[in-house]
Every structure is written in C-alpha cells, then in structure tokens.
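Presented below is the structure to which this report refers.
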Amino acid sequence: MFDGNNSPPPRTTDHVGHKANFDVNEQKLHSRGVPSLWDEISSWLIIAGIIAVIYLLFKIF
C-alpha cells in the first residue's frame, strides 16, 4: 500500500530512517516548492550544452 508521498512503504524495519527521509523530502518541498516546467527545461538545456561542448572538443581535437 502507498503512503501520501507516492512512495512505497519501506522494505526494512527501519521506521526511524524512513521517517527521517520523509521529513527531509518534506522540508525540501516546503523550501523549494514543486519542480516547475522551467526547472525541467533548464536542466535539459544544461545537459544538452554539456554534451555539445564534449562533442565539439572531440571534433576539434
């Protein structure tokens, strides 16, 4: 069964660790908010730029 944050229950009996992980993720969500489309697009543009630079370096040398 799934809990409120769409993650499966922990497979181990470490409930304290699972609670700590949940609290950290919840704090990130409250401080940064839900990732927006612009965040996703900018991440993909950065990755594409890095790949383009690597490609150009191989092409030049």
Side-chain angles (χ1 to χ4, degrees):
M1 197 165 173
F2 292 100
D3 58 3
N5 65 353
N6 294 329
S7 66
R11 292 179 188 235
T12 65
T13 58
D14 185 18
H15 299 291
V16 176
H18 181 69
K19 174 72 168 116
N21 185 31
F22 175 79
D23 289 341
V24 168
N25 290 336
E26 188 176 25
Q27 182 63 32
K28 282 184 199 175
L29 185 63
H30 285 297
S31 63
R32 287 193 70 200
V34 178
S36 65
L37 180 62
W38 176 247
D39 291 334
E40 296 293 323
I41 291 173
S42 64
S43 296
W44 282 106
L45 287 174
I46 291 169
I47 291 170
I50 292 171
I51 292 172
V53 167
I54 292 171
Y55 175 77
L56 288 174
L57 288 174
F58 276 115
K59 196 75 166 167
I60 291 172
F61 299 109

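Numbering starts at 1 and runs along the sequence shown. Since we're looking at a predicted model, the values are computed, not measured.
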Problem set entry | With Ile50 via side chain to side chain contact (heavy atoms under 4.5 Å, CB included) - residues at least two apart | Ile46, Ile54
For this session: Under the side chain to side chain contact (heavy atoms under 4.5 Å, CB included) rule, collect the residues that match up with Leu56, sequence neighbours excluded.
Result: none
Exercise. Quick one: CG on Leu45 to CH2 on Trp38, what's the gap to the nearest 0.5 Å?
Worked result: 6.5 Å
Problem set entry | Spatial distance of atom CG (Asp23) from atom NE2 (His18) [nearest 0.5 Å] | 10.0 Å
Exercise. Using a side-chain heavy atom cutoff under 4.5 Å and only I, L, V, M, F, W and Y, what cluster partners does Val16 have?
Worked result: none
